[in-house]
Amino acid sequence: MDLQRPDSYQGGAGPHFSEHVLHKTILVGDSGVGKTSLLVQFDQGKFIPGSFSATVGIGFTVMLLGDSGVGKTCFLIQFKDGAFLSGTFIATVGIDFRNKVVTVDGARVKLQIWDTAGQERFRSVTHAYYRDAQALLLLYDITNQSSFDNIRAWLTEIHEYAQRDVVIMLLGNKADVSSERVIRSEDGETLAREYGVPFMETSAKTGMNVELAFLAIAKELKYRAGKQPDEPSFQIRDYVESQKKRSSCCSFA
Ligand SMILES: Nc1nc2c(ncn2[C@@H]2O[C@H](COP(=O)(O)OP(=O)(O)OP(=O)(O)O)[C@@H](O)[C@H]2O)c(=O)[nH]1
């Protein structure tokens, strides 16, 4: 069943957050026995009457990575709720989860999206999750040079901890802030080409290319999961190139 509410997990606060407290529990049983209601009762301490929609069969895990402050949480909220979180920046603690169902070529696909803390002190926590992710969205901030310079280090970590065939996409976020841009779009493109990954500039504020990033990932994962012999091959980089919107000097005030 699909909960409309996020099933979130915030690790214990502060630098003493320990890997030892991470547990996974899987609820199994026939459809309708009450798995989702049990989870809601545990999470929120109440029973919500009415029916949740049946959980979709096909699901993938997508992880958001990148330096602290590049906009990972805002990117996820924009995708999930269509809203932008402005104002005071509150750094993510540990890891947080959200679910969203998207429709890909007529099929419902559930994405479980893990928003990770970019701060160095949570690195050992997030490492524990890499191997379960099927796709990674790696973000930098086009107004922040070091967030771009650190992308190579992030890719090294990914190489070390993630599945070998994980789908990776590089995203240059905050494309709406053209006056403070320090990373040219071409630099992002060149880096992405070097690593053979698709690339887009995005804005969690305006929503530019946010949905496209997740949809492209969902399409690629669905294609890999259920490739039919007569199905035309899907190339995520070509798809992204054909669909992406480019930021221009004057489109975002
Ligand atoms: N203008 C603009 N600001 C953004 C955008 N995305 C995020 N921000 C701002 O950047 C700051 C950091 O955003 P977050 O989403 O919290 O960053 P994060 O990557 O999740 O940070 P950590 O949780 O520490 O890893 C916030 O003040 C946001 O309002 C964007 O696309 N455009």
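Basis for what follows: all heavy atoms, side chains included, without hydrogens, waters or symmetry-related copies. Not measured: the values here are computed from a predicted model. For ligands, and for the atoms within them, numbers begin at 1 and follow the listed sequence.
Checked for salt-bridge contact, R237 and E189 miss the test: no charged N lies under 4.0 Å from a carboxylate O.
Residue K219 places its NZ atom among more than 12 non-hydrogen atoms of other residues, nucleotides or ligands, all under 6.0 Å distant. Around the CD atom of E211, the shell of radius 6.0 Å holds no more than 12 heavy atoms that belong to other residues, nucleotides or ligands.
Distances below 4.0 Å separate heavy atoms of V177 from the following atoms of ligand 1: 1 (N). The A204 neighbourhood of ligand 1 comprises atoms 6 (N), 30 (C), 31 (O), with distances under 4.0 Å to a heavy atom of that residue. Atoms of ligand 1 found under 4.0 Å from any heavy atom of D176, numbered from 1 in the order shown, are 1 (N), 2 (C), 30 (C), 31 (O), 32 (N). Close approach of ligand 1 to A91 is summarised as follows: ligand atoms under 4.0 Å from at least one heavy atom of the residue are 23 (O), 24 (O). For ligand 1 and S203, the ligand atoms under 4.0 Å from any heavy atom of the residue are 31 (O). The contact set between ligand 1 and N173, taken as ligand atoms under 4.0 Å from a residue heavy atom, comprises 5 (C), 6 (N), 31 (O).
The option with the heavy atom closest to atom 20 (O) of ligand 1, from among I90, T73, L64, is T73. Among S147, C74, G66, G118, the residue whose heavy atom lies nearest to atom 15 (O) of ligand 1 is C74.
Looking only at distances, no side-chain donor or acceptor of S147 sits under 3.5 Å from a matching main-chain atom of V70. For the pair R181 (side chain) and I183 (backbone), a donor-acceptor distance under 3.5 Å is present. A distance-only check finds no donor-acceptor pair linking the side chain of R193 to the backbone of P198 [under 3.5 Å]. Within the 3.5 Å criterion, the main-chain N or O of A83 finds no donor-acceptor partner in the side chain of D81. A distance-only check finds a donor-acceptor pair linking the side chain of K72 to the backbone of G66 [under 3.5 Å]. Using modelled atom types, one side-chain atom of S203 and one backbone atom of T206 make a donor-acceptor pair closer than 3.5 Å.
Looking at A117 next to ligand 1, no N or O pair under 3.5 Å apart turns up. Checked against a 3.5 angstrom limit, the closest N/O atoms of A175 and ligand 1 fall outside it. Residue S68 places at least one N or O, backbone or side chain, under 3.5 Å from an N or O of ligand 1. Close N/O approach between T92 and ligand 1 is found [any backbone or side-chain N/O within under 3.5 Å].
Contacts between T202 and ligand 1 below 4.0 angstrom, taking non-hydrogen atoms only, are absent altogether. Here V70 has heavy atoms under 4.0 Å from ligand 1 in both its backbone and its side chain. When heavy-atom distances to ligand 1 are checked against a 4.0 Å cut-off, F75 has no atom that comes that close, whether in backbone or side chain. Proximity of L139 to ligand 1, defined as any heavy-atom pair under 4.0 Å, is not found for any part of the residue.
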Checklist entry - Where do M200 and M169 land on the side-chain contact (heavy atoms from CB on, under 4.5 Å) test, with the steps shown first? => result CA-CA 8 Å; M200 277 187 283; M169 188 180 290; 3.6 Å; yes
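Counting only heavy atoms of the protein, atom 14 (P) of ligand 1 lies nearest to G71 CA, 3.7 Å. Looking only at protein heavy atoms, the nearest one to atom 26 (C) of ligand 1 is F89 CB, 4.0 Å. Closest to atom 3 (N) of ligand 1, if we only count protein heavy atoms, is F84 CZ, 3.7 Å. Of the protein's non-hydrogen atoms, the one nearest atom 18 (P) of ligand 1 is K72 N, 3.5 Å. Closest to atom 8 (N) of ligand 1 among all protein heavy atoms lies K174 CE, 3.6 Å. Summary of contacts: the protein heavy atom closest to atom 21 (O) of ligand 1 is G69 N, 2.9 Å. Among protein heavy atoms, the minimum distance from atom 29 (O) of ligand 1 is reached at L85 O, 3.0 Å.
Exactly one residue among D149, T143, D141, I142 makes a side chain to side chain contact (heavy atoms under 4.5 Å, CB included) with Q145. That residue is D149.
There is no side-chain donor-acceptor pair under 3.5 Å between Y130 and Q163.
Between H127 and Y161, the ring planes are parallel. Angles under 30° get that label, and only those over 60° would be called perpendicular. Classified by interplanar angle (parallel below 30°, tilted 30° to 60°, perpendicular above 60°), the ring pair Y140/F148 is perpendicular.
Within the 4.0 Å heavy-atom shell around ligand 1 one finds D67.
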